[in-house]
Enquirer: 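After the structure tokens below, expect a handful of questions from me.
Since we're looking at a predicted model, the values are computed, not measured. Ligands are counted one by one from 1 in listed order, and the atoms in each one are counted from 1 as well.
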Amino acid sequence: MTTDRPTLGIAMIGHAFMGAAHSQAWRSAARFFDLPAEPVMQVVAGRDAARAAEAAARLGWRESTDDWRTVLHRDDIDIVDICTPGDSHAEIAIAALAAGKHVLCEKPLANSVAEAEQMTAAAESAYGQGARAMVGFTYRRVPAVALARKLVDEGRIGQIRHVRAQYLQDWIADPDAPFSWRLDKARAGSGALGDIGAHIIDLTQHITGSRIEEVSGRLETFVKERPVAAADGSGGLGGGAAGSERRHVTVDDAASFLAGFAGGAMGVFEATRFATGRKNAIRIEVNGSDGSIAFDFEDMNVLEFYDAGEPSQTAGFRRILVTEPEHPYVGAWWPAGHGLGYEHGFTHQVVDLVTAIGAGEQPRPSFADGLQVQRVLDAVEHSSQTRSWQSVPD
Ligand code: SOE
């Protein structure tokens with residue numbers, strides 16, 4: 001596609017599940033949204049040259065490489081998009097920022113608070129040189145979630161009292177589901193807590209505009225050992241036939257915690273990969289003095305809204321179909337009423353990143369936002385170990 005707009009060369013590191021989702025976003029963003037610059041899918045990097053080349057051909061990248069470091073000093077690369085497991089986020093992001101590149105990094109930002117602090121410091125010093133850094137909490141960009149934030153921000157539900165958040169999956173409920181990097185603490189940092197709990201921490205803080213300042217949590221690993229898959233091309237989501245080798249699971253299968261928000265709200269959180277029958281249920285309900293909002297990703301085009309000011313005879317939760325051109329992001333897509341899916345959040349993420357870069361602004365969530373989520377994760381883990389309430393440093 002040729003346009004008069006400037007271009008932004010993209011290098012993507014990693015090409016499994018998240019790499020495919022990000023590729024779809026880079027391919028579609030400028031075709032549906034009016035962007036200040038045209039993303040060019042220049043190069044994809046992976047550890048294995050043949051697999052990276054196959055991914056480049058399948059996902060639409062011009063080139064591939066088996067050495068991510070080589071992309072950092074290329075003049076035709078402006079943005080480094082990190083889609084690798086958490087154990088390499090810090091090294092790649094810090095090197096890319098030092099090379100003057102913008103960075104988009106998958107969530108959670110890092111595997112530890114110390115790494116997240118180093119990444120945030122690198123992002124803050126690169127900001128003055130014009131480089132921008134963003135962490136990929138993509139569900140912020142689901143239109144119903146964006147609408148929820150807008151309604152809360154406009155004061156439509158008043159003073160927030162309760163935040164109820166669950167992220168429920170079941171892909172390892174079967175004890176014979178194979179071991180993958182997502183079950184290895186050295187690679188993933190933590191289990192359900194960091195992988196999916198991080199999303200609901202970010203989402204609730206984003207929707208309420210208030211940070212979590214104390215937690216009391218409990219982690220559990222139900223299945224302590226699993227068969228190793230012969231090969232895994234699923235992005236760590238359990239693909240591939242199991243062999244006879246077995247490995248210890250070193251992360252949590254499930255996490256739950258109580259939280260106190262700075263604004264005074266009480267929070268109840270649950271993140272699990274053992275909620276049989278729940279596939280990707282991100283359920284958030286916020287109750288305020290003047291009303292409530294409720295969202296479930298398994299019905300992602302709907303936001304439930306309750307207005308406590310309505311006459312009681314007809315008051316009740318209404319299901320708002322968030323499919324109208326007036327709703328956040330929706331107008332760029334299909335005619336009214338047709339709805340969006342999982343992948344659109346990733347496209348909106350790219351749109352917001354490129355727009356912020358074009359405007360010279362800080363894209364959100366920033367690395368500092370990612371660090372704050374990391375501190376909550378860390379506090380929950382410590383709370384579980386010590387069986388005590390933990391405060392979350394600001
Ligand atoms: C696996 O639990 C996973 O792919 C997460 O890593 C993603 O962030 C989420 O979008 C879907 O589930």
Enquirer: So for atom CG, which belongs to Asp394, do other residues, nucleotides or ligands contribute more than 12 heavy atoms lying within a distance under 6.0 Å?
Expert: no

Enquirer: Please list, chain by chain and in numerical order, all residues satisfying salt bridge (Lys or Arg N to Asp or Glu O under 4.0 Å) with Arg218, sequence neighbours excluded.
Expert: Glu220

Enquirer: Specify the closest pair of heavy atoms between Leu109 and Ala116, including all atoms of both residues, with the distance to one decimal.
Expert: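 So the two residues come closest at CD2-CB, 4.1 Å.
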
Enquirer: Kindly write out the residues that satisfy side chain to side chain donor-acceptor pair (under 3.5 Å) with Asp202, not counting sequence neighbours, or none if the list is empty.
Expert: Arg140

Enquirer: To check you understand the geometry: which heavy-atom pair defines the closest contact between Pro325 and Ala336, and what is its length?
Expert: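 Closest approach of Pro325 to Ala336: CD-CB, 3.8 Å.
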
Enquirer: Which atom pairs, nitrogen or oxygen on both sides, join ligand 1 and the protein at under 3.5 angstrom?
Expert:
| unit_1 | atom_1 | unit_2 | atom_2 | d |
| --- | --- | --- | --- | --- |
| ligand 1 | 2 (O) | Gln169 | OE1 | 2.9 |
| ligand 1 | 2 (O) | Gln169 | NE2 | 3.3 |
| ligand 1 | 2 (O) | Asp195 | OD2 | 2.5 |
| ligand 1 | 6 (O) | Lys107 | NZ | 3.2 |
| ligand 1 | 6 (O) | Arg182 | NH1 | 2.9 |
| ligand 1 | 6 (O) | Asp195 | OD1 | 2.4 |
| ligand 1 | 8 (O) | Lys107 | NZ | 2.9 |
| ligand 1 | 8 (O) | His199 | NE2 | 2.8 |
| ligand 1 | 10 (O) | Tyr139 | OH | 2.5 |
| ligand 1 | 10 (O) | Tyr342 | OH | 3.0 |
| ligand 1 | 12 (O) | Gln169 | NE2 | 3.0 |

Enquirer: Can you name the residues that form a salt bridge (Lys or Arg N to Asp or Glu O under 4.0 Å) with Asp75, not counting sequence neighbours?
Expert: none

